[in-house]
Amino acid sequence: VSDTWVVVDGQDEVGAALDALGAAGGAVTALVVGPQDLAEQVGRGVADVQWIDAGDTPTEAWADAAAGLGAAAAPAIVVGATTPGGRAILGAVATRMSAPLVSNVVAIRRHDDGVEADRLDLAGRITETVRTPTSVCLLVSASDTPAPTRDDTAPVTPVRAMPAAVARLKVEPAPGATSRITTAERVVAVGRGLGSKEALGMVEQLARALDAEIGCSMPVAEDLGWVPPERYVGLSGQHISPKLYLALGISGAPQHIAGIRNARTIVAVDIDPHAPFFKTADYGIVGDLHEVVPELIRALDET
Ligand SMILES: Cc1cc2nc3c(=O)[nH]c(=O)nc-3n(C[C@H](O)[C@H](O)[C@H](O)COP(=O)(O)OP(=O)(O)OC[C@H]3O[C@@H](n4cnc5c(N)ncnc54)[C@H](O)[C@@H]3O)c2cc1C
């Protein structure tokens with residue numbers, strides 16, 4: 001058991017946690033709350049696995065048990081992801097260990113006199129660096145960052161634990177939640193610059209040509225209702241890591257950019273040459289999207 005722990009109750013967490021830990025991780029122990037195949041999969045990226053077989057019981061039921069394990073081992077760093085289960089467990093572990101709990105963390109470093117973390121604040125507008133000489137619990141955003149996978153699996157040690165009395169009654173998709181945006185390799189996203197809902201037709205045509213999912217900025221979903229809310233990207237929306245993110249008429253506010261930090265190639269189309277998005281984008285096209293999008297469709301049709 002090492003003095004850096006990651007707490008995992010789903011597949012999207014271990015990659016994000018190890019990514020934020022970087023070199024600060026060293027040998028990492030994973031505390032997995034979930035099925036055996038998750039424990040074994042996580043074991044291909046860490047030094048050892050402590051495994052609570054959650055069965056059909058929700059993660060929250062194991063928070064007290066996880067807190068007991070944390071308090072007994074007293075690791076210097078405990079990292080979890082901002083999923084409902086991750087929040088519940090880290091909160092309980094931090095309380096039992098009398099450790100500070102820091103959220104929105106994007107990078108972690110070790111120093112001679114403690115652990116330092118960079119975390120986003122003010123809705124992603126600033127990065128704040130905090131340091132503590134004590135053990136610390138850190139929450140990172142869940143993401144599709146792949147976990148490193150070795151061929152061999154680290155030892156998985158089952159942990160016997162008692163769950164709290166919480167039962168899962170049913171699981172069903174939320175209304176309209178059919179979007180594959182979080183797993184898509186390509187995303188074409190629209191902002192207020194689209195001008196009207198009618199213009200979505202050509203964007204859908206472009207998305208089909210690229211085999212892409214449609215995304216959007218927050219106001220397009222929340223204020224204008226042109227695109228379902230589960231498709232908006234950003235700090236308070238989806239955090240996505242596609243290979244291609246094509247932004248059409250999105251200004252590039254920090255709260256939007258916060259959702260695409262892990263995108264591989266970012267292309268922005270904006271009529272304003274000074275749009276902030278051009279500072280982040282790998283490629284920029286200054287132009288009216290109503291002219292650029294049909295041109296892109298035509299070019300893709302020809303290939
Ligand atoms: C706490 C908090 C959380 C937030 N969370 C999120 C979040 O998760 N996601 C998010 O997206 N936002 C979020 N926001 C809102 C964010 O700050 C911005 O207001 C929002 O992203 C702007 O949306 P937009 O880029 O679509 O619109 P605008 O800022 O209005 O930008 C429209 C862009 O379109 C361009 N344009 C106009 N016409 C055309 C044309 N014909 N062709 C090409 N370009 C054109 C304009 O030049 C402009 O750059 C949050 C804000 C707060 C305070």
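As the structure lists them, so they are numbered: ligands from 1, and atoms in each ligand from 1. Just so we're clear, the structure is a prediction, and the values are computed from it rather than from any experiment.
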[X] to ligand 1: N or O pair under 3.5 Å?
{"X": "Leu235", "result": "yes"}
{"X": "Ala275", "result": "no"}
{"X": "Gly249", "result": "yes"}
{"X": "Val233", "result": "yes"}
{"X": "Ser217", "result": "yes"}
{"X": "Met218", "result": "yes"}

Going by the angle between their ring planes, with limits at 30° and 60°, are Tyr245 and His256 parallel, tilted or perpendicular? tilted
Check each of [options] against [atom] and report the one with the nearest heavy atom.
{"atom": "atom 6 (C) of ligand 1", "options": "Ser236, Cys216, Gly234", "value": "Ser236"}
{"atom": "atom 27 (O) of ligand 1", "options": "Gln255, Arg192, His274", "value": "Arg192"}
{"atom": "atom 47 (O) of ligand 1", "options": "Ile250, Val286, Asp270", "value": "Asp270"}
{"atom": "atom 18 (C) of ligand 1", "options": "Pro276, Ala253, Ala199", "value": "Ala253"}

Numbered atoms of ligand 1 (with element) below 4.0 Å of [X], judged on heavy atoms:
{"X": "Gly237", "answer": "8 (O)"}
{"X": "Gly191", "answer": "26 (O)"}
{"X": "Pro219", "answer": "20 (C), 22 (C), 23 (O)"}

Using a cut-off of 6.0 Å, state whether more than 12 heavy atoms not belonging to Arg168 lie near its atom CZ. yes
Assess whether atom NE2 of His111 is packed by more than 12 heavy atoms of other residues, nucleotides or ligands within 6.0 Å. yes
Answer yes or no: is there an ion pair linking Arg264 with Asp282, defined by an N-O contact shorter than 4.0 Å? no
In terms of side-chain geometry, is the basic nitrogen of Asp3 or Arg110 positioned less than 4.0 Å from the acidic oxygen of its partner? yes
Quick check for you: to the nearest 0.5 Å, what is the distance between Arg119 atom CZ and Thr127 atom OG1? 10.5 Å
Nearest-0.5 Å distance, CG of residue Leu248 to CZ of residue Phe277: 10.0 Å
So for Phe277 against ligand 1, with non-hydrogen atoms under 4.0 Å, the contacting part is neither
Is there a donor-acceptor pair under 3.5 Å between the side chain of Trp226 and the backbone N or O of Pro219? no
Let me have the donor-acceptor pairs involving side chains of residues 94-107, under 3.5 Å, with sequence neighbours excluded, atom names and distances please.
from: Thr95; atom 1: OG1; to: Gly91; atom 2: O; distance (Å): 2.8
from: Arg96; atom 1: NH2; to: Asp64; atom 2: O; distance (Å): 3.4
from: Arg96; atom 1: NH2; to: Asp64; atom 2: OD1; distance (Å): 2.5
from: Asn104; atom 1: ND2; to: Leu120; atom 2: O; distance (Å): 3.4

